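Taking it in order: structure first as structure tokens, then the write-up.
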Amino acid sequence: MTEGPREEETEQRLKRSQEEDEEDQGVKRRKAEGERRDNDRKYPKKKVVLLMAYSGKGYYGMQRNPGTSEFQTIEDDLVSALVKSGCIPENHRDDMKKMSFQRCARTDKGVSAAGQVVSLKLWLIEDLVAKINEHLPPQIRVLGVKRVTQGFNSKNSCDARTYSYMLPTVAFSSKHFDTANAAGFRLRPETLQTVNRLFALYKGTHNFHNFTSQKAPNDPSARRYITHVLCGEPFLCGGSEFAVITVRGQSFMLHQIRKMIGLVIAVVKGYAGEEVMERSWGQEKVDVPKAPGLGLVLERVHFDRYNKRFGDDGLHERLEWDRQEDAIQAFKEAHIYPTIVETERQEGSMVSWMATLPIHDFEATATETRDSGDQKPGSDGANVSDSV
């Protein structure tokens, strides 16, 4: 056979193969479209919010990073579960805008949540929560679902966010304390009083440009309103003493809470004078240390304005989760608290971080920040109002 006929035969084979592939793709597409139409008829697609809890260990934060599959996030697993459970069509997997998806808070790498809320449009299938959870790992759970208005956006509709930070109380020991005996440290009542007096200074509106990265002193978005900061009574867990700090504010910038806690620790330990706190809200650049991310937990998000406007209209539920409180507490006790305690015991992240405090210069104006070490890929932290 000559070259001409052989080449022609090869081209015809390739053409037939391409036509068969296109036909197969068309069949699959028509099948998917048919299934979607069937679901649209069987289940109404509605705007809802999902109440979520998760342990952030091993994840690169909440928000998906398209094109960076090696950095697994909470939303990667959530979207996969939504598709597998039949709540959203397959073609929504890579384009979250199609389901009007919005998270209330973009938690950072390693940060956990007991009361995260996301809003999206999905098919209201039967046993929705149970079916989604079937496809999620144990450290991520959907705990509740509620219908909301079509224009609802979980981030923009949120009035305030409450975080907690669980830490070993040795963080408040004197800088001269021998950390080789960290497990034996016990927080004295008068030290706890000092800690809470310093935390109370954060309440109100301040310029927190020194408590994040890439934020100019004259940037209006650096002004944040804090309504509550308190360190609770210490308790024993796993042979060591811990305490939980609770912080509530309208919104927080990247690393803001960790830096708020880090600066108070530096003052209590004796590395910095109390005046550094007032100075940190001024125009100059102050070197503010950032506490480890391990103990940070998004506790709950608040929708007071939405509840006032729509919560009692007879059509929509109030965005409150009293019925889920037991499930929230059970999840924290099973997945969040043990992870914090065990990781602290194994890795000693707080004690290791405490050893870096002497390198900070609290007297001089900082020439550069030290924020970039564990920033999530794809996040520049420049104008973040819901990530800590």
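Predicted, not measured: the structure shown is a model, and the values here were computed from it.
For the salt bridge (Lys or Arg N to Asp or Glu O under 4.0 Å) condition, no pair includes a residue of residues 134-151, sequence neighbours left out. Here salt bridge (Lys or Arg N to Asp or Glu O under 4.0 Å) pairs that include residues 343-358, with residues two or more places apart or in two chains, are Glu342-Arg345. Screening residues 97-121 for ring pair (Phe, Tyr, Trp, His ring centres under 6.0 Å), with sequence neighbours left out, gives no hits. Listed by first and then second residue, the salt bridge (Lys or Arg N to Asp or Glu O under 4.0 Å) pairs involving residues 169-179 amount to none (not counting sequence neighbours).
No donor-acceptor pair under 3.5 Å is formed between the side chain of Gln116 and the backbone N or O of Leu298. A donor-acceptor pair is defined here as one N or O able to donate and one able to accept, closer than 3.5 Å; no such pair exists between the side chain of Asn153 and the backbone of Ser100. A donor-acceptor pair is defined here as one N or O able to donate and one able to accept, closer than 3.5 Å; no such pair exists between the side chain of Asp108 and the backbone of Val111. Remark: the backbone N or O of Gly56 is paired with a side-chain donor or acceptor of Ser112 at under 3.5 angstrom. A donor-acceptor pair is defined here as one N or O able to donate and one able to accept, closer than 3.5 Å; no such pair exists between the side chain of Asn133 and the backbone of Ala130. Side-chain atoms of Asp287 never come within 3.5 Å of backbone atoms of His360 as a donor-acceptor pair (strictly under, hydrogens ignored). Under a 3.5 Å cut-off, the side chain of Lys215 and the backbone N or O of His209 do not form any donor-acceptor pair. In this structure, the side chain of Arg279 engages the main chain of Phe362 through a donor-acceptor pair within 3.5 Å.
There is a side-chain donor-acceptor pair under 3.5 Å between Thr73 and Asp76. With no hydrogens or angles considered, a side-chain donor-acceptor pair links Ser173 and Lys269 at under 3.5 Å. Under 3.5 Å, the side chains of Asp77 and Tyr59 contain a donor-acceptor pair of N or O atoms. One side chain, Lys57 or Thr343, offers a donor N or O that lies under 3.5 Å from an acceptor on the other. Between the side chains of Arg224 and Ser251, at least one donor N or O lies within less than 3.5 Å of an accepting N or O.
Of the inter-residue distances, the one linking Lys47 atom NZ with Leu122 atom CG reads 10.5 Å to the nearest 0.5 angstrom. How far OH of Tyr165 is from CE of Met260: 13.0 Å, rounded to the nearest 0.5 Å. Residue Ile226 holds its CD1 atom at 8.5 Å from CD of Gln250, rounded to the nearest 0.5 Å. Here Thr246 contributes atom OG1 and Leu230 contributes atom CG; the two are 6.5 Å apart, rounded to the nearest 0.5 Å.
Ring pair His206/Trp281 is parallel by interplanar angle, where below 30° counts as parallel and above 60° as perpendicular. Ring-plane geometry between Phe208 and Phe211 is classed as perpendicular, the angle between the planes exceeding 60 degrees on a 0 to 90 degree scale with a lower cut at 30.
Within 6.0 Å of CZ on Arg188 lie no more than 12 heavy atoms contributed by other residues, nucleotides or ligands. Remark: Phe177 CZ is packed, more than 12 non-hydrogen atoms of other residues, nucleotides or ligands lying under 6.0 Å away.
The heavy-atom pair separating Met277 from Tyr202 by the smallest distance is CE-CZ, 3.6 Å.
Exactly one residue among Lys332, Glu299, Arg300 makes a side chain to side chain donor-acceptor pair (under 3.5 Å) with Ser164. That residue is Glu299. Checked against Asp159 for a side chain to side chain donor-acceptor pair (under 3.5 Å), the options His302, Lys308, Arg305 give a single hit: Arg305.
Phe242 shares a hydrophobic cluster with Met166, Phe235, Val244, Leu294, Val297, Phe331, Ile336, Tyr337, Ile340, Val341; the chain of contacts runs through ILVMFWY side chains whose heavy atoms sit under 4.5 Å apart.
For Arg309, there are no side-chain hydrogen bond (donor to acceptor under 3.5 Å, both in side chains) partners at least two apart in sequence or on another chain.
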